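Just so you know, ligand 1 is whichever comes first in the structure, and atom 1 is the first atom listed for that ligand. The model shown is predicted, which means the values in this text are computed figures rather than measured ones.
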Amino acid sequence: MSISKAVIPVAGLGTRFLPATKTTPKEMLPVVDKPAIEYVVEEAAAAGLHDVLLVTGRTKRAVEDYFDVAPELEQALEAKGDLDRLAAVRQPTELADLFFVRQGEPRGLGHAVLCAKAHVGDHHFAVLLGDDLIDARDPILPAMIALAERTGGSVVALLEVPDDQIHLYGSAQVQRVTSEVGAGLASGSVPIEPADVVLVTGLVEKPAAEDAPSNLAVIGRYVLSPAVFDVLERTEPGRGGEIQLTDALAALAADPHGPGGGVYGVVFRGRRYDTGDKLDYLKAVVRLASDRDDLGPDFRDWLGGFVASFE
Ligand code: UTP
């Protein structure tokens with residue numbers, strides 16, 4: 001099995017980030033000087049996923065345009081000899097083979113993934129949420145891809161969250177796996193503990209803390225068996241009246257010997273930002289700007305003084 005396709009749903013309404021997202025897709029909000037979605041496409045390409053399908057919607061033209069060439073701008077930069085900016089402007093157009101499909105109405109993440117069925121075909125594929133940013137220094141997709149190839153099943157990324165936050169996520173019920181299943185995986189140069197690789201036996205979307213099977217939250221990276229499409233076609237609207245990917249994954253998890261091959265999880269212990277959430281968005285900008293070679297020194301100096309002014 002060789003996994004080469006990524007699906008990035010960006011058709012949601014972005015209500016948590018209103019009013020900015022009234023006209024600007026949340027995936028286009030800049031994180032320092034690049035839109036959030038560019039980091040996500042970069043992550044897919046870095047994991048060897050060079051066929052990238054963006055699931056867009058009516059208000060998301062800016063996303064499509066961003067990944068297209070901009071001849072007038074490029075000519076102007078070329079004429080000025082501004083080659084660094086020219087390279088930055090061209091970068092998004094060169095990252096991967098990009099495809100687009102429209103989700104007519106935002107009927108939920110599960111429905112957005114179902115819109116990718118014809119493009120994906122009968123192969124395993126990755127799903128990356130367009131507003132969920134995984135720090136490039138802490139990659140998790142390569143390990144998830146390796147685990148899907150090893151098991152033939154689907155794989156979700158899991159994050160340990162405090163009990164009072166689990167209601168914001170899908171919560172996973174998990175079991176240990178045998179040491180062969182969990183061995184030899186890494187996040188960048190950091191080995192993943194075999195205990196951080198689990199079998200998912202159940203999933204509940206946004207449960208109350210007392211109903212959550214664990215504090216392991218599903219975050220926006222998935223490697224999915226194509227069997228998910230059949231399940232999604234039968235999945236009724238769930239929480240919030242939306243077709244939930246979590247509900248389809250729960251059905252796959254409940255049938256580990258079925259055509260989907262079960263669902264596995266990898267606990268993610270790196271840096272991650274939900275740029276669809278205002279507070280997390282601000283953290284992402286500060287963190288990534290602080291770490292940049294060009295902006296970091298001046299920004300950190302200023303930030304230190306700013307923080308000290310509160311003391
Ligand atoms: P979210 O729930 O984070 O996105 O969905 P949202 O609905 O845009 O956000 P809020 O809650 O209203 O602020 C996770 C991902 O799934 C996509 C979103 O674009 C986001 O990347 N999505 C969601 C779709 O593509 N289609 C949908 O119908 C729903």
Side-chain angles (χ1 to χ4, degrees), residues 6-29 31 35-44 52-64 66-67 98-120 125-134 141 156-159 161 165-171 203-207 217-224 228-229 232-233 235-249 272-282 284:
V7 173
I8 307 183
V10 296
L13 293 177
T15 47
R16 284 170 298 153
F17 223 120
L18 283 168
T21 45
K22 182 177 170 188
T23 51
T24 305
K26 64 177 167 179
E27 298 81 7
M28 289 303 294
L29 295 173
V31 179
I37 185 68
E38 188 168 352
Y39 293 87
V40 178
V41 176
E42 282 173 354
E43 182 193 341
V52 176
L53 176 74
L54 288 152
V55 183
T56 71
R58 247 176 322 161
T59 57
K60 304 284 177 156
R61 278 289 298 275
V63 179
E64 299 185 22
Y66 187 75
F67 289 97
L98 281 158
F99 302 88
F100 299 91
V101 65
R102 292 279 190 121
Q103 183 189 20
E105 266 179 273
R107 293 173 55 200
L109 176 58
H111 181 255
V113 170
L114 188 53
C115 293
K117 181 181 175 182
H119 182 87
V120 166
F125 63 106
V127 173
L128 296 81
L129 300 193
D131 56 352
D132 207 339
L133 224 135
I134 300 273
L141 264 181
V156 296
L158 299 170
L159 182 73
V161 299
Q165 282 182 26
I166 195 69
H167 69 280
L168 301 170
Y169 298 89
S171 164
L203 284 163
V204 189
E205 182 64 12
K206 299 192 169 82
V218 178
I219 56 169
R221 295 295 178 274
Y222 310 80
V223 177
L224 300 179
V228 76
F229 293 124
L232 281 169
E233 274 167 349
T235 302
E236 295 290 330
R239 223 191 133 85
E242 296 191 339
I243 298 177
Q244 299 285 355
L245 181 60
T246 305
D247 292 345
L249 290 175
R272 171 244 173 205
Y273 318 95
D274 175 2
T275 60
D277 172 78
K278 290 177 192 176
L279 184 59
D280 235 28
Y281 170 82
L282 292 171

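Side chain of K26 to main chain of L18: no donor-acceptor pair is present (N/O by atom type, distance under 3.5 Å, no hydrogens or angles). A side-chain donor-acceptor contact under 3.5 Å links Q103 to the backbone of G108. No donor-acceptor distance shorter than 3.5 angstrom exists from the side chain of R272 to the backbone of G220, with no hydrogens or angles considered. Of the possible donor and acceptor atoms, one in the side chain of K60 sits under 3.5 Å from a partner among the backbone N and O of V10. Between the side chain of T21 and the backbone N or O of G14 there is at least one donor-acceptor pair closer than 3.5 Å. A donor-acceptor pair under 3.5 Å links the side-chain atoms of Y39 to the main chain of V31, judged by distance alone.
In this structure, F17 and Y281 have perpendicular ring planes: the angle between them is above 60°, well past the 30° mark.
Protein heavy atoms are absent from the 4.0 Å sphere centred on atom 5 (O) of ligand 1. Remark: atom 25 (O) of ligand 1 lies closer than 4.0 Å to at least one protein heavy atom.
Using a 4.5 Å cut-off on side-chain heavy atoms (C-beta onward), H111 and L232 make no contact. Two residues are said to be in side-chain contact when any heavy atoms from C-beta on lie closer than 4.5 Å; L245 and L224 meet this criterion. Side chains of L109 and T246 form no contact here, defined as non-hydrogen atoms less than 4.5 Å apart.
For ligand 1, one of its N or O atoms has an N or O atom of Q103 under 3.5 Å away. Looking at ligand 1, you won't find any N or O of F17 less than 3.5 Å from one of its N or O atoms. Checked against a 3.5 angstrom limit, the closest N/O atoms of G14 and ligand 1 fall inside it. At a 3.5 angstrom cut-off on N or O pairs, A112 does not count as close to ligand 1. In terms of polar-atom proximity, L129 is not counted as a contact of ligand 1, lacking any N or O under 3.5 Å from an N or O of the ligand. Checked against a 3.5 angstrom limit, the closest N/O atoms of K60 and ligand 1 fall outside it.
Atoms CD and CD, on Q244 and E236 in that order, are 13.0 Å from each other to the nearest 0.5 Å.
Shortest contact from atom 16 (O) of ligand 1 to any protein heavy atom: L109 CD1, 3.4 Å. Looking from atom 11 (O) of ligand 1 to the surrounding protein, the closest heavy atom is R16 NE, 3.2 Å. Residue, atom and distance of the protein heavy atom nearest to atom 7 (O) of ligand 1 are L13 N, 3.9 Å.
Ligand 1 does not have E105 within reach: every non-hydrogen atom of the residue lies 4.0 Å or more from it. A heavy-atom separation below 4.0 Å is not found between H111 and ligand 1. Taking 4.0 Å as the cut-off, G276 does not count as a neighbour of ligand 1 on heavy-atom distance.
If you number the atoms of ligand 1 from 1 as listed, the ones under 4.0 Å from a heavy atom of R107 come out as 28 (O). For ligand 1, the atoms sitting less than 4.0 Å from at least one non-hydrogen atom of E27 are 19 (O), 21 (O), numbered in the order shown with element in parentheses. The distance from ligand 1 to the heavy atoms of P106 drops below 4.0 Å at these ligand atoms: 28 (O). The ligand atoms of ligand 1 that sit less than 4.0 angstrom from a heavy atom of G130 are 21 (O).
For T15, heavy-atom contacts with ligand 1 shorter than 4.0 Å involve the backbone as well as the side chain. If you look at K26 next to ligand 1, the close heavy atoms, those under 4.0 Å, all belong to the side chain.
Using a 4.0 Å cut-off between a side-chain N of Lys or Arg and a carboxylate O of Asp or Glu, R16 and D131 qualify as a salt bridge.
A 6.0 Å sphere centred on CZ of R102 holds more than 12 heavy atoms belonging to other residues, nucleotides or ligands.
For atom 23 (C) of ligand 1, the nearest non-hydrogen atom from the set G110, G12, G220 belongs to G12. For atom 27 (C) of ligand 1, the nearest non-hydrogen atom from the set P9, P25, G108, G57 belongs to G108.
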